[in-house]
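Here is the structure we will look at, set down as structure tokens.
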Amino acid sequence: MKKYFSMALLLVAGLCAVSCGSDDDPKDNGKPVPPDPGIRDIRIEAKYALGGYIQDVLEDGTDLITVPLSTVSMTGSASNPVTAGKAEVVYMQLLADMGDSGRLPDGTYNAVIAAEDGSNLVANVCIGSFVKTQANGQPDPNAMINMAEGKVTVKRSGTTYTIVVDVTLTDSQTLYCTFTGKIAFEKINTGLSTLTEDKVVNLVGNPGDGIFSGQLYASQGIVANVWDIGIIKSEEDRPNSEAMLISLFAPSTGTFAEGIPTGTYAITNDPMKYKDGEKVCIPGEAGDKGELYFTWYAGITGKGQIEDYAPATAGQVTIAKAGENYTVTFEFKDDKDPAHTFSGTWTGPITMKDNTKNPASVRSTIAKVSYNKVSNFLNVIR
């Protein structure tokens, strides 16, 4: 099963939608909450909470549960809350098995700094931070401090939770936060896509560039020619634009001189099962450092940074050619539930680079793509 730690543990950056639920079980297991320890550098009595969870992030079925506690009311989601003005917020991501109850389990959670390899991410662990928000309800980037060690205690009685946070922050300050009240939990949509509705992609004025890598994956038993297309503006023209990256497997009989084979390429769910002669499109994947691999939509801001993005997980692209011009027509689905459609058409010449004689930039495995991410696609081609 796919794991989500690479994006889920971005604490303040957040994940996706969360809101409400209910719990009318009057059970009280009788476990006491810790007594007030006395003096602490930061003391907070939180009045508001949101809750959300991602199921089965660990092999043993452990869930990732997101809970922000705030001194003022919040809108938005548990993973990306907006406070009603300035506030003090304790963000927590707790690892526990919620089962089918939709409830945060009672118990003590150990606050840790997540190891780079995730080795200390186990059940009953908390990764958290203390944040002050600004008047607009957004986090103050100069007032965000992660938890280093300590304990988070959770006790539920009926529909009411009591949460006690007693931790040391990475700047050595001690933090004590309490909350008593109801928390509603809802499943978080874990898709990488930022789309909130269907989109027609505007590629007007974009040049087309591409890479031919020949039978790049022959050593893995995949007999296919690999073609990558980037319909993306040059770096100086890139701000406030949209782009498409498209990765294709085509019959091995083709050559660089013949160009991209025309026809329709459908997204495949398993590139490793490719059979020579087929025409398939490779679904979008994300690298550990945010690279966009294979087939993606990208929306680029005025500063030239990628702000919106969506991996293609279903759909197809059709390649046609008349003279020197290719026409690329696509309709893809993103990875949200329900999925959004992004579609469009583009016509123009595609400047191809033969990458078969440049092993330094060739991908060694399907999982390790480096040259076709938006940020450096053009640097490899030119």
Side-chain angles (χ1 to χ4, degrees), residues 4-19 40-54 57 63-96 98 104-105 107-115 118 120-121 124-134 136-154 161-171 173-190:
Y4 299 100
F5 280 125
S6 62
M7 65 172 177
L9 297 176
L10 297 179
L11 294 173
V12 177
L15 302 168
C16 282
V18 178
S19 190
R40 290 291 187 268
D41 296 320
I42 305 170
R43 294 182 67 90
I44 301 171
E45 184 179 358
K47 298 292 187 181
Y48 302 89
L50 295 173
Y53 64 96
I54 302 173
V57 297
D63 306 321
L64 181 69
I65 306 161
T66 302
V67 180
L69 305 176
S70 174
T71 53
V72 304
S73 61
M74 295 178 285
T75 57
S77 68
S79 53
N80 192 21
V82 178
T83 59
K86 292 184 177 181
E88 293 179 310
V89 180
V90 175
Y91 287 89
M92 297 180 294
Q93 290 188 305
L94 308 156
L95 286 164
M98 299 182 78
L104 175 61
T108 299
Y109 298 80
N110 297 311
V112 301
I113 299 173
N120 62 346
L121 299 177
N124 298 109
V125 156
C126 172
I127 302 93
S129 59
F130 167 66
V131 180
K132 292 183 179 180
T133 59
Q134 305 172 94
N136 63 0
Q138 298 296 325
D140 181 348
N142 299 314
M144 301 164 60
I145 313 168
N146 289 334
M147 297 178 186
E149 60 182 7
K151 306 287 185 183
V152 176
T153 304
V154 176
Y161 287 90
T162 297
I163 299 177
V164 176
V165 181
D166 190 6
V167 298
T168 300
L169 304 176
T170 53
D171 65 353
Q173 290 189 94
T174 52
L175 166 68
Y176 184 73
C177 173
T178 60
F179 168 82
T180 299
K182 296 181 179 181
I183 307 177
F185 292 90
E186 192 167 291
K187 187 176 180 180
I188 291 173
N189 189 330
T190 56

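When reading the values below, keep in mind they use all heavy atoms of this one structure, side chains included, and skip hydrogens, waters and symmetry mates.
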Minimum heavy-atom distance Ala78-Thr66, with the two atoms named: O-CG2, 3.5 Å

Are any of the side-chain heavy atoms of Val125 and Asn120 separated by less than 4.5 Å? no

Passing candidate, side chain to side chain contact (heavy atoms under 4.5 Å, CB included) with Glu149, options Val167, Asn110, Thr168: Thr168

Is any side-chain heavy atom of Cys177 closer than 4.5 Å to one of Phe130? no

Just so I know, are the side chains of Asn146 and Ile113 near enough to count as touching, which here means a heavy-atom distance under 4.5 Å? no

Does any part of the side chain of Thr153, heavy atoms only, come nearer than 4.5 Å to the side chain of Asp166, both counted from C-beta? no

To the nearest 0.5 Å, atom CE of Met98 lies from atom CD1 of Ile65 at 4.5 Å

Which heavy-atom pair separates Val131 from Pro139 by the least distance, and what is that distance? CG1-CB, 3.7 Å

Closest non-hydrogen contact found for Cys126 with Met147 is SG-SD, 4.1 Å

With distance as the sole criterion, is a donor-acceptor pair present between the side chains of Thr83 and Thr133 under 3.5 Å? yes

Looking at side-chain heavy atoms only, is the closest gap between Lys187 and Tyr53 below 4.5 Å? yes

Closest heavy-atom pair and its distance - Phe185, Tyr161: CE1-OH, 3.8 Å

Interatomic distance, OG1@Thr170 vs CE@Met144, rounded to 0.5 Å, equals 11.0 Å

Give me the atom names and distance for the closest heavy-atom approach of Asp63 to Val57. C-CG2, 4.0 Å

Please find the pair of heavy atoms, one from Ala49 and one from Phe179, that lie closest to each other, and give the distance. CB-CZ, 3.7 Å

Tell me, do Val89 and Leu69 make a side-chain contact under 4.5 Å, heavy atoms counted? no

Decide yes or no on salt bridge (Lys or Arg N to Asp or Glu O under 4.0 Å) for Lys86 and Asp140, but give the supporting numbers first. CA-CA 9 Å; Lys86 292 184 177 181; Asp140 181 348; over 6 Å; no

In Å, rounded to the nearest 0.5 Å, how long is the span from OH of Tyr176 to CD1 of Ile42? 14.5 Å

So OH of Tyr91 and OG of Ser129: to nearest 0.5 Å the spacing works out to 7.0 Å

Roughly how far, to the nearest 0.5 Å, is CD1 of Ile44 from CD of Glu88? 4.5 Å

Close side-chain approach of Val165 and Ile163, heavy atoms under 4.5 Å: yes

Gap between atom CG of Leu50 and atom CD of Glu186 - 0.5 Å precision: 11.5 Å

Hydrogens and angles aside, do Gln138 and Asn136 bring a side-chain donor and acceptor to less than 3.5 Å of each other? no

